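These notes concern the structure reproduced below.
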2 protein chains.
Amino acid sequence: MDTSQTIVRKSLHHELVDRLQTLILNSELKPGTKVPEKQLCDQFGVSRTPLREALKVLATYGLVRLEPNRGAWVTQVTEAEVEEVFPVLGALEALSGELACARITDAEIEEVRALHAQMVQSYQNRDLDAYFIVNQQIHRAILMAARNGTLTTSCEALSLRMQRARYLANMSESRWSDAVQEHEKILHHLAARDGAKLAETLLHHMDAKRASVIKWLQSQRDDSPSGLA
Amino acid sequence: MDTSQTIVRKSLHHELVDRLQTLILNSELKPGTKVPEKQLCDQFGVSRTPLREALKVLATYGLVRLEPNRGAWVTQVTEAEVEEVFPVLGALEALSGELACARITDAEIEEVRALHAQMVQSYQNRDLDAYFIVNQQIHRAILMAARNGTLTTSCEALSLRMQRARYLANMSESRWSDAVQEHEKILHHLAARDGAKLAETLLHHMDAKRASVIKWLQSQRDDSPSGLA
DNA sequence: CAACGTAATTTTGAATTCATAATTAAGTCA
DNA sequence: TGACTTAATTATGAATTCAAAATTACGTTG
């Protein structure tokens, strides 16, 4: 709900940050490959200057790695990174839950409840894509209710890193079922405005997600041994 | 004092990020003022391209704000920002404490103990500058012991934002005394490898710091009413 | 033919240039 | 004088250029 009259003027480099982010998250730029600078310039119809500025920013997000004199490379999600990021994300989501319980309005709770119903519906339909979109919306709604922009930025930056590739679009049937039950709890504690319980649940939720992603990464690793073509 | 001979493996823009960061933290670039692009280019002997790349990165750290067609401005620490950042920093430091307890070596505990003794000494000497440096080293040592690079990066980015200007170099006598006592506890729980207690203590420590900084900001605000010269 | 060294090509990093937007200065008129 | 226009100046954003580094292609030699 942005009611401000200010004209949003996006600079080119900012626009490119968004576009490149999308390309990376959609794996149109593949992990481990080199960012094709010249090709992207042609594709977007821009010069190298703003594109390179955008790459510097994406490097701070950890989406690309800059190698001096060798260009930018799309980073890969490693097991080590997942083991690092999820605990941090867990702590931040837990805080988000606590703050949200203190500040969320009744109307916002109803919004989350509606999203939750949608999510359950997607689960029952076994529509994974829809499920993940609504799932994210729920976490985002709680984050918004926490009324802390810094927390939002931090969470989203880390989430972004975990969203590369399609790990999250892969869950075992049992994990999926568990996740839905965890979300039942999340909604319950949020509606009761029980910050401590919500924090605890979100922490557990994140840890379970971590384990699930790790499992998937390992299965991927075993499927295709590195270095062979 | 020209230290530019150290530039070897770092790209120019990265070096400039560091240099500008230093200028901002030392208030050589003052909050609320415009970043003098041309002057800095002359000063560092570089062209605008790498400098502007660095500014894009600093904007993601929240140290400068980019206004389209109007240049980069050094951001100010506001009360609202402090109220946002410290809770997040608290959650992260708490996690850092928990992880550190699980992973820290005996040797590292002794290092922290030594730093702590140094800090107490600085306190007794009423040497605020020395105190703050050692204080930071202690927090950093715990962070290192947590063995989580993502956590380190996140914490340091937020700490950086709170380090602008000299807020932290200002404490009431009673707050200083309390802070030292909190640090006694921190050392104690760390040495006992009691993660839960350490987390709790760090959380409280951060909240007290938040209150102290807010108090100082308010006194500053009352001293010099905004908008008047 | 494989390993090495060298030349050609491409890519990168950074300076420079150029068009445009913003700011400042100067001029006009009530 | 002071508000409003308009011109001159300056600063910004982005394209282009250029030197240096890396990569590739090629040829030589053992």
Side-chain angles (χ1 to χ4, degrees), chain A residues 5-21 23-24 29-75 227 229, chain B residues 2-21 23-24 28-75 227 229:
Chain A
Q5 299 293 317
T6 53
I7 299 164
V8 181
R9 283 179 297 186
K10 242 193 210 168
S11 63
L12 197 43
H13 100 274
H14 197 288
E15 175 74 24
L16 285 170
V17 167
D18 282 356
R19 301 277 192 119
L20 292 177
Q21 226 168 59
L23 289 183
I24 291 172
L29 291 176
K30 295 198 172 49
T33 66
K34 193 161 144 172
V35 178
E37 206 175 274
K38 195 170 156 42
Q39 179 191 312
L40 290 169
C41 286
D42 293 347
Q43 182 175 334
F44 292 130
V46 300
S47 74
R48 286 175 57 220
T49 306
L51 189 93
R52 289 169 53 82
E53 288 172 348
L55 289 174
K56 303 287 185 284
V57 170
L58 290 174
T60 72
Y61 295 161
L63 294 183
V64 306
R65 195 180 55 255
L66 302 176
E67 295 196 9
N69 294 319
R70 298 202 55 239
W73 299 73
V74 182
T75 53
Chain B
D2 182 21
T3 57
S4 61
Q5 73 278 3
T6 57
I7 306 171
V8 180
R9 210 47 202 169
K10 251 191 213 164
S11 65
L12 199 42
H13 100 274
H14 196 288
E15 176 73 23
L16 286 170
V17 167
D18 283 355
R19 302 274 191 122
L20 293 176
Q21 227 169 55
L23 290 182
I24 292 172
E28 291 172 56
L29 291 176
K30 295 200 171 51
T33 65
K34 192 160 143 172
V35 178
E37 208 175 274
K38 196 171 155 41
Q39 180 192 313
L40 290 169
C41 286
D42 293 347
Q43 183 175 332
F44 291 129
V46 300
S47 73
R48 287 174 56 220
T49 307
L51 189 94
R52 288 168 56 81
E53 287 171 348
L55 289 173
K56 303 286 185 285
V57 171
L58 290 174
T60 72
Y61 296 162
L63 294 183
V64 306
R65 195 180 56 255
L66 301 176
E67 294 196 9
N69 294 319
R70 297 203 55 240
W73 299 72
V74 182
T75 52

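A quick note: this is a predicted structure, and the numbers were derived from the prediction, not measured. Proteins get letters first, then strands, A, B, ... in listed order; numbering begins at 1 in each.
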Distance-only check: which donor-acceptor pairs under 3.5 Å involve side-chain atoms of residues 29-46 of chain B, not counting sequence neighbours?
unit_1	atom_1	unit_2	atom_2	d
B:Thr33	OG1	B:Lys30	O	2.5
B:Glu37	OE1	B:Arg52	NH1	3.4
B:Glu37	OE2	B:Arg48	NE	2.6
B:Glu37	OE2	B:Arg48	NH2	3.2

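- Summarising the geometry, the separation between CG on B:Asp42 and P on C:dA15 is reported as 12 Å, rounded to the nearest angstrom.
- Here the side chains of B:Leu51 and B:Leu20 are in contact, with some heavy-atom distance below 4.5 Å.
- B:Thr75 meets the side-chain hydrogen bond (donor to acceptor under 3.5 Å, both in side chains) test with B:Arg164; sequence neighbours excluded.
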### Task
Decide side-chain contact (heavy atoms from CB on, under 4.5 Å) for A:His13 and A:Thr49; before the verdict, give the C-alpha distance in whole Å, the side-chain angles of both, and the deciding distance to 0.1 Å.
CA-CA 9 Å; A:His13 100 274; A:Thr49 306; over 6 Å; no

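- The distance from atom CG of A:Asn69 to atom P of C:dG13 is 6 Å, rounded to the nearest whole Å.
- Protein atom NE2 of A:His13 is 14 Å distant from nucleotide atom P of D:dA15, rounded to whole Å.
- Whole-Å rounding puts the A:Glu67 CD to D:dT23 C1' distance at 14 Å.
- If you check residues 47-57 of chain B against DNA chain D, the residues with a heavy atom closer than 4.0 Å are B:Arg48, B:Arg52, listed by number.
- Secondary-structure stems of DNA chain C, taken as three or more successive Watson-Crick or G-U wobble pairs (i with j, i+1 with j-1) under a 3.5 Å distance threshold, comprise C:1-30 with D:1-30.
- Rounded to a whole Å, the CG atom of B:Leu40 is 11 Å from the P atom of D:dT12.
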Which protein N or O atoms sit under 3.5 Å from an N or O of nucleotides 9-11 of chain C?
none

Extract all donor-acceptor atom pairs below 3.5 Å that involve side chains of residues 53-63 of chain A and protein atoms in other chains or at least two apart in sequence.
unit_1	atom_1	unit_2	atom_2	d
A:Thr60	OG1	A:Val57	O	2.6

